[in-house]
**Student:** 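First, the structure itself, so that you have it in front of you.
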Amino acid sequence: MTIRDNLHVVVSGAAGFIGSHLCDRLLAENHSVVGIDNLLTGSLRNIAHLAGHQAFRFVQHDVTKPVHVDGAVDAVLHLASPASPKDYMRYPIETLDAGSAGTRNMLELARRWNARFLLASTSECYGDPLIHPQRETYWGHVNPVGPRSCYDESKRFAEALTMACHRVHGLRTNIARIFNTYGPRMQLDDGRVVPAFIDQALRGQPVTIFGDGSQTRSFCYASDLVDGLYRLMFSDERYPVNLGNPVEMTIREFAEHVCRLTGATCAVEHRPLPEDDPKKRRPDITKARTLLGWEPQVPLEEGLRLTIEYFRSL
Ligand code: NAD
Ligand code: UDP
């Protein structure tokens, strides 16, 4: 199979932020897409522009129930899962189900068709990391019973299940460990720092910095991340690959960028740091660079301008 073949691709989480951008990219590359979503945290608005596209079909379905698709399947991309801390703490059981039963059902679909399978995993697999920056060989520092465990352990289980299906059935699997990604179509009220700060700045409200704001993150623009996923789905690498932007900053610095780019004079309101909030996070992307020839292209300033424009338009 070459990267140019027209594939029949099934994407779970298609009405979500990243899933909808991934569908756009697959369609632009002339693949056909069946998008599945139960709309738990996603929105039909994210895929409204695809209504009537002859190579796109949307199926409203919960992937924790068995998944059947009419027609051939060449690739299965599993993104369905609540993803923001606010969402997964609100839906902890649904999150564990999406990573366990949901991953099992999507893997089973891939197995039936001998299709490729890609899992959207997360930097949360590293927990509150003791190694910095994080590379794929680090096993992580995760609290298995804390408030974030429903997400972290769900994804760690999903990775283990994916590797088991590769080992037992010879499935061609890929695992993307995605670091903080942002862009248009994020839900305004999902509590993540990017929509939260932009929304607050645009409304002239104080930005809510959790803790003293010295914790760090690095932010990858959606089109860069999707390009990484697209390259990874054609790779023969079975072990996890980090995809994220290695430019690291404190949350305080990030707030300053948002305020400057929105033109707002932001007051700051400090709130308690949530339990187990990782203090540092930055991907080591050497593996993605070497293996996929991939690295982020969109600078924070440009990505933030596009995202602010989107939120202004809502
Ligand atoms: P999102 O909430 O916008 O998208 C997730 C989508 O999955 C939603 O549309 C939701 O309705 C759907 N979904 C949830 N449970 C489902 C189920 N049981 N059946 C069918 N659909 C279901 O979140 P996102 O930011 O687009 O994240 C997409 C994926 O990428 C997730 O798997 C997430 O863990 C992973 N990821 C995202 C980030 C990030 O920074 N955005 C970072 C790391 C990993
Ligand atoms: N954060 C913040 N204010 C907010 C939302 C988040 O200071 O209104 C912080 C949060 O504590 C974390 C970082 O921003 O340290 C990133 O949070 P987000 O929920 O976007 O993603 P996470 O990386 O924690 O999954």
Side-chain angles (χ1 to χ4, degrees), residues 11-22 35-44 46-47 59-65 67 77-89 91 94-103 105-106 118-125 128 148 151-152 154-155 158 176-183 185-187 190-200 206-220 222 225-226 229 242-245 249-252 254-255 258 268-281 283:
V11 177
S12 74
F17 156 52
I18 297 176
S20 63
H21 287 289
L22 185 57
I36 302 180
D37 204 297
N38 68 350
L39 305 178
L40 181 67
T41 58
S43 165
L44 285 177
N46 291 338
I47 47 170
V59 180
Q60 188 168 338
H61 179 74
D62 180 342
V63 298
T64 65
K65 314 254 163 45
V67 180
L77 313 182
H78 179 40
L79 282 78
S81 169
S84 83
K86 184 174 157 193
D87 285 339
Y88 59 69
M89 289 184 209
Y91 299 115
E94 290 84 347
T95 303
L96 284 155
D97 284 348
S100 53
T103 305
N105 289 328
M106 295 303 283
L118 181 143
L119 172 70
S121 185
T122 168
S123 54
E124 282 285 323
C125 288
D128 188 7
R148 296 173 89 101
Y151 185 62
D152 301 9
S154 156
K155 291 290 186 178
R177 284 200 184 136
I178 303 171
F179 284 64
N180 297 64
T181 299
Y182 72 102
R185 302 186 196 156
M186 293 185 95
Q187 303 275 17
D190 77 5
R192 287 189 269 201
V193 71
V194 177
F197 283 5
I198 294 178
D199 187 42
Q200 290 158 350
V207 293
T208 51
I209 292 186
F210 298 166
D212 64 4
S214 63
Q215 69 273 33
T216 68
R217 293 295 187 275
S218 49
F219 298 95
C220 186
L225 191 270
V226 163
L229 292 176
N242 288 341
L243 294 177
N245 194 314
M249 70 203 74
T250 65
I251 290 303
R252 231 179 3 242
F254 180 67
V258 171
V268 170
E269 182 185 324
H270 284 279
R271 295 207 182 146
L273 189 67
E275 196 181 334
D276 294 336
D277 196 284
K279 287 172 222 39
K280 274 170 174 250
R281 185 184 285 159

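We count residues from 1, following the sequence as given. All ligand and atom numbering here is 1-based and tracks the order in the structure.
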**Student:** Atom 15 (O) of ligand 2: which protein heavy atom is closest, and how many Å away?
**Tutor:**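 Nearest protein contact, heavy atoms only, for atom 15 (O) of ligand 2 is D277 OD1, 2.6 Å.
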**Student:** To check your reading of the model: name the closest protein heavy atom to atom 13 (C) of ligand 2, its residue, and the distance in Å.
**Tutor:**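 Closest protein heavy atom to atom 13 (C) of ligand 2: I251 CD1, 3.6 Å.
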**Student:** Would you mind reporting whether I18 and L229 have side-chain heavy atoms less than 4.5 Å apart?
**Tutor:** yes
**Student:** Would you mind running through ligand 2 and noting each atom that sits below 4.0 Å from a heavy atom of A196?
**Tutor:** 8 (O)
**Student:** I need the nearest protein heavy-atom contact for atom 25 (O) of ligand 2: residue, atom name and distance, please.
**Tutor:**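 Looking only at protein heavy atoms, the one closest to atom 25 (O) of ligand 2 is R148 NH2, 3.2 Å.
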**Student:** For N180, counting its heavy atoms only, list the atoms of ligand 2 lying under 4.0 Å from any of them.
**Tutor:**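 Result: 21 (O), 22 (P), 23 (O).
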**Student:** Give the atom numbers and elements of ligand 1 that come within less than 4.0 Å of a heavy atom of G42.
**Tutor:**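 The atoms of ligand 1 under 4.0 Å from a heavy atom of G42 are 8 (C), 9 (O), 10 (C), 11 (O).
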**Student:** Under 4.0 Å from any heavy atom of K155, which atoms of ligand 1 are there?
**Tutor:**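 Answer, ordered by atom number: 31 (C), 32 (O), 33 (C), 34 (O).
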**Student:** Taking 4.0 angstrom as the limit and counting only heavy atoms of S81, give me the atoms of ligand 1 inside it, by number and element.
**Tutor:**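 Near S81, the atoms of ligand 1 are 5 (C), 7 (O), 13 (N), 14 (C), 15 (N), 31 (C), 32 (O).
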**Student:** Of all the non-hydrogen atoms in the protein, which one sits nearest to atom 19 (N) of ligand 1, and at what distance?
**Tutor:** V63 N, 3.0 Å
**Student:** Could you tell me whether the side chain of F219 reaches within less than 4.5 Å of the side chain of V193, counting heavy atoms only?
**Tutor:** yes
**Student:** Taking all non-hydrogen atoms of both residues, which atom of P278 and which atom of E124 are closest, and how far apart?
**Tutor:** CG-OE2, 4.0 Å
**Student:** Is it true that D277 and R217 have a side-chain N and a carboxylate O under 4.0 angstrom from each other?
**Tutor:**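 Result for this pair is yes, salt bridge flagged.
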**Student:** Which of the atoms in ligand 1, numbered in the order shown and given with their element, are less than 4.0 Å from a heavy-atom of T122?
**Tutor:** 43 (C), 44 (C)
**Student:** Consider every N or O of D37 and every N or O of ligand 1, then say whether any pair is closer than 3.5 Å.
**Tutor:**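 Indeed, backbone or side chain, D37 has an N or O that close.
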**Student:** Record the part of Y151 in heavy-atom contact with ligand 1 below 4.0 Å; permitted values are side chain, backbone, both and neither.
**Tutor:** side chain
**Student:** Can you list the ligand 2 atoms lying under 4.0 Å from a non-hydrogen atom of I209?
**Tutor:**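 What qualifies from ligand 2 is 7 (O).
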**Student:** What's the shortest heavy-atom distance between R252 and S214, and which atoms?
**Tutor:** NH1-N, 4.2 Å
**Student:** Taking non-hydrogen atoms only, is T41 closer than 4.0 angstrom to ligand 1 via side chain, backbone, both or neither?
**Tutor:** both
**Student:** Among all protein heavy atoms in this structure, tell me which lies nearest to atom 16 (C) of ligand 2, with the distance rounded to 0.1 Å.
**Tutor:** R217 NE, 3.7 Å
**Student:** May I ask you to check whether L40 has an N/O atom sitting below 3.5 Å from an N/O atom of ligand 1?
**Tutor:**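 Between L40 and ligand 1 (N or O atoms, distance only) the closest approach is under 3.5 Å.
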**Student:** Quick check: closest heavy atoms across G213 and T250, and the distance to 0.1 Å?
**Tutor:** O-CB, 3.4 Å
**Student:** What part of R192, side chain from CB on, backbone N/CA/C/O, both or neither, has a heavy atom under 4.0 Å from ligand 1?
**Tutor:** side chain
**Student:** Does any non-hydrogen side-chain atom of T41 lie less than 4.5 Å from one of Q187?
**Tutor:**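 Answer no - side chains too far apart.
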**Student:** Classify the contact between N180 and ligand 1 as side chain, backbone, both or neither, using a heavy-atom distance cut-off of under 4.0 Å.
**Tutor:**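 Backbone only.
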**Student:** Pull out every atom of ligand 1 sitting under 4.0 Å from any heavy atom of A15, numbered as shown with elements.
**Tutor:** 9 (O)
**Student:** Of the protein's non-hydrogen atoms, which lies at the shortest distance from atom 28 (C) of ligand 1, and what is that distance?
**Tutor:** L79 O, 3.7 Å
**Student:** If you have a sec, work out which protein heavy atom is nearest atom 3 (N) of ligand 2 and how many Å separate them, to one decimal?
**Tutor:**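 Its nearest protein heavy-atom neighbour is T208 O, 2.6 Å.
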**Student:** Please state which protein non-hydrogen atom is closest to atom 17 (O) of ligand 2 and give its distance, to 0.1 Å?
**Tutor:** V193 CB, 4.1 Å
**Student:** Can you name the atoms of ligand 1, numbered from 1 with element, that are less than 4.0 Å from a heavy atom of G16?
**Tutor:**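 Every atom of ligand 1 under 4.0 Å from some heavy atom of G16: 3 (O), 4 (O), 8 (C), 9 (O).
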**Student:** Return the option from A83, S121, G244 holding the heavy atom at the smallest distance from atom 44 (C) of ligand 1.
**Tutor:**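 Heavy atom nearest to atom 44 (C) of ligand 1 belongs to S121.
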**Student:** Return the minimal non-hydrogen interatomic distance between T216 and K280, and the atom names on each side.
**Tutor:** OG1-CA, 3.2 Å
**Student:** What residue and heavy atom of the protein are closest to atom 16 (C) of ligand 1, and at what distance?
**Tutor:**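 Its nearest protein heavy-atom neighbour is N38 OD1, 3.2 Å.
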**Student:** Hey, which atoms in ligand 2 end up nearer than 4.0 Å to a heavy atom of G191?
**Tutor:**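 Ligand 2 atoms under the 4.0 Å threshold to G191: 5 (C).
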**Student:** Could you identify the single nearest non-hydrogen protein atom to atom 9 (C) of ligand 2 and state the distance to 0.1 Å?
**Tutor:**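 Nearest neighbour among protein heavy atoms for atom 9 (C) of ligand 2, to 0.1 Å: Q215 NE2, 3.8 Å.
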**Student:** Output the list of atoms in ligand 1 that are nearer than 4.0 Å to some heavy atom of H61, sorted by atom number.
**Tutor:** 19 (N), 20 (C)
**Student:** What part of S123, side chain, backbone, both or neither, has a heavy atom within less than 4.0 angstrom of ligand 1?
**Tutor:**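 The answer is neither.
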**Student:** Using side-chain heavy atoms (C-beta onward) and a distance below 4.5 Å, is P274 in contact with M89?
**Tutor:**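 No, their side chains stay 4.5 Å or more apart.
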**Student:** Looking only at protein heavy atoms, which one is nearest to atom 1 (N) of ligand 2, and what is the separation?
**Tutor:**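 Of the protein heavy atoms, F210 CD1, 3.5 Å lies nearest.
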**Student:** Does ligand 1 have any atom sitting under 4.0 Å from a heavy atom of G102?
**Tutor:** no
**Student:** Taking only heavy atoms of L39, which atoms of ligand 1 are found under 4.0 Å from at least one of them?
**Tutor:** 11 (O)
**Student:** Measure across A80 and G13 and return the closest heavy-atom pair with its distance rounded to 0.1 Å.
**Tutor:** CB-N, 3.7 Å
**Student:** Do S123 and R177 have side-chain heavy atoms sitting under 4.5 Å apart?
**Tutor:** no
